[in-house]
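This report refers to the structure that appears directly beneath it.
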Amino acid sequence: MFYLSQVEQNLKMPPHLLKPSLLDGELEKGIRGELEKRFLDKVITNLGLCISVYDIQSFEGGFIFPGDDGCATYKVRCRLVMFQPFVGEVIVGKIESCDEFGLQVSLGFFSDIRIPERFMVQPCHRGEDGIWVWQFKVDNEEFQYSLDIDEEIRFRVASVKYPPTPVEQSENSKPFSPMEITGYINGDGLGLVSWW
Amino acid sequence: MKIEKANVGNLTNFEVFDFLRTRGATSDPMGCIGSVSPSECKVFEYLSGSPACMQTRESVNEFLIKADKFKFITSFEKLNIVNSTPTVMPALYATIKDCDKRIAKEEEQIAKENQLEEDQLQELLELVKEIFPQPAEEQEELSQ
């Protein structure tokens, strides 16, 4: 689910952050703070969601370029903890909502996980209350297992997509998600954790 | 921003959990303020509910060394198993892709395919249960 990524960034340290850092001798702490502001909780295309700054390997520079409002620019090399599950990974999440297209699963810190109808346990149908139900048939006996909201669900990652940022969005459309994960639960051991 | 190396190394859930814990994250969301950001706290909360919170560095290393003898699983699948610690056979099936076909193909020369694949999987499952005990089982042992 997580991996380390090495990144080089030209970081601008504004003067009001530099002064306390330099006086205390804690420039690294100040740089770390700026890096976190820059990267934390942001999605980097093809790398994933940045969870945390793992460490700062080196920083150099500190020159003040003309027209920069007095910001000192440092060239920082650091490692970031990225969240990007690989295809085929098995993850446990919670069902957040369901609609006519399928389920939406959340991990708490990341909610753009969809399980479309074609990837769900077959055969299944959507009940009157909107909840998806799995009809399991064994020896002429039929069991109905419903996929309720807030249930823990184990799914396998089918794909991770990074849709491009839309230039224009109509008012009613859902908020843009920079990283979308599609999962499937059509297999042994997958589906609600309580089933197995 | 320049990406020097996209993937320096994979991290197990346990390693991320440990890293956030040393940075000062706790299960109490109010206690986290100041040392870690709210988003890191959410990740910590998620990992606290997963098997990663019960693991130790030694147990993960031990599993990886012992699982080496199972030639049919790749390192990604070992990562999958460490992150999800399956305790029942269907859960193990889920972590290994096309597991029936793979084991049968490799051990074709040796007789009795079905029995062999079950043995290997059962052995792997026992190894997982031995190294990563579930909380319910630990409580049973304590009461005994």
Side-chain angles (χ1 to χ4, degrees), chain A residues 1-11 33 36-42 44-55 57 75-94 106-110 152 154-156 185 187-191 193 195-196, chain B residues 1-20 22-25 29 36-52 74-77 79-100 121 125:
Chain A
M1 243 200 285
F2 302 101
Y3 64 92
L4 284 180
S5 211
Q6 187 149 325
V7 157
E8 191 187 277
Q9 169 76 5
N10 283 332
L11 201 68
E36 283 180 351
K37 217 159 68 174
R38 181 87 175 73
F39 289 119
L40 223 62
D41 232 13
K42 306 270 191 318
I44 303 175
T45 311
N46 295 330
L47 279 191
L49 172 71
C50 180
I51 297 290
S52 185
V53 174
Y54 190 68
D55 63 5
Q57 299 195 299
K75 197 177 195 173
V76 183
R77 288 173 68 234
C78 65
R79 287 192 291 192
L80 304 170
V81 179
M82 307 300 294
F83 164 73
Q84 189 192 68
F86 53 87
V87 172
E89 186 167 358
V90 172
I91 305 178
V92 174
K94 259 198 183 155
S106 158
L107 300 181
F109 59 95
F110 186 79
E152 286 201 348
R154 189 180 286 131
F155 63 94
R156 188 182 275 151
I185 50 174
D188 286 330
L190 302 173
V193 173
W195 289 348
W196 302 98
Chain B
M1 184 191 80
K2 193 170 89 176
I3 300 171
E4 281 192 0
K5 205 169 174 190
N7 190 345
V8 179
N10 284 320
L11 295 172
T12 57
N13 287 6
F14 161 72
E15 285 171 307
V16 179
F17 178 80
D18 204 31
F19 166 68
L20 289 173
T22 48
R23 291 263 326 268
V36 288
S37 68
S39 52
E40 285 169 322
C41 230
K42 277 194 192 156
V43 179
F44 189 80
E45 211 181 301
Y46 170 75
L47 291 174
S48 309
S50 77
T74 65
S75 53
F76 277 129
E77 279 151 2
L79 184 66
N80 239 344
I81 293 173
V82 171
N83 283 345
S84 58
T85 57
T87 47
V88 288
M89 195 56 90
L92 186 63
Y93 266 56
T95 55
I96 301 176
K97 202 176 163 186
D98 296 334
C99 77
D100 322 331
L121 289 177
L125 196 65

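Note on naming: letters A, B, ... go to the chains in the order of the sequence lines (proteins, then strands), and numbering restarts at 1 for each one.
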Which bit of A/Glu36 comes within less than 4.5 Å of chain B, counting heavy atoms only: side chain, backbone, both or neither? side chain
How many angstroms lie between atom NZ of B/Lys5 and atom CZ of A/Arg77, to the nearest 0.5 angstrom? 11.5 Å
So for A/Leu47, is it side chain, backbone, both, or neither that comes closer than 4.5 Å to the heavy atoms of chain B? side chain
For the residue pair A/Gly108 and B/Lys42, what are the closest heavy atoms and their distance? O-CD, 3.5 Å
Listed by chain and number, what are the ring pair (Phe, Tyr, Trp, His ring centres under 6.0 Å) partners of A/Phe155, not counting sequence neighbours? none
With chain A, the option among B/Leu79, B/Val43, B/Asn10 that has the most non-hydrogen atom pairs under 4.5 Å is B/Val43
One option among B/Asn83, B/Leu20, B/Asn13 has the most heavy-atom pairs under 4.5 Å with chain A, and it is B/Asn13
Distance-minimising heavy-atom pair for A/Val90 and B/Thr95: CG2-CA, 4.0 Å
At a heavy-atom separation under 4.5 Å, does A/Phe86 approach chain B through its side chain, its backbone, both, or neither? side chain
Answer yes if the side chains of A/Ser52 and B/Arg23 hold a donor-acceptor pair under 3.5 Å, and no otherwise. yes
Neighbour count above 12 (heavy atom, 6.0 Å) for A/Lys42 NZ: yes
Once rounded to the nearest 0.5 Å, what's the spacing between atom CD of A/Glu89 and atom OG of B/Ser84? 8.5 Å
Compare every heavy atom of A/Ser5 with every heavy atom of B/Ala6, then report the nearest pair and how far apart it is. O-OG, 2.7 Å
Against chain B, label A/Ile44 side chain, backbone, both or neither, depending on which of its atoms sit under 4.5 Å from a heavy atom there. side chain
CA sep, side-chain torsions, deciding dist, call: B/Val8, A/Tyr54, side-chain contact (heavy atoms from CB on, under 4.5 Å): CA-CA 12 Å; B/Val8 179; A/Tyr54 190 68; over 6 Å; no
Shortest non-hydrogen contact from A/Val53 to B/Phe19? O-CZ, 3.4 Å
Any chance you could measure A/Gln84, atom CD, to B/Asn7, atom CG, to the nearest 0.5 Å? 9.0 Å
Contact origin within A/Ile51 toward chain B - heavy atom pairs under 4.5 Å: both
I'd like to check the ring pair (Phe, Tyr, Trp, His ring centres under 6.0 Å) partners of A/Phe109; sequence neighbours left out, ordered by chain and number. A/Phe83, B/Tyr46
Residue of the set A/Gln6, A/Gln57, A/Arg79 for which side chain to side chain contact (heavy atoms under 4.5 Å, CB included) holds with B/Glu4: A/Gln6
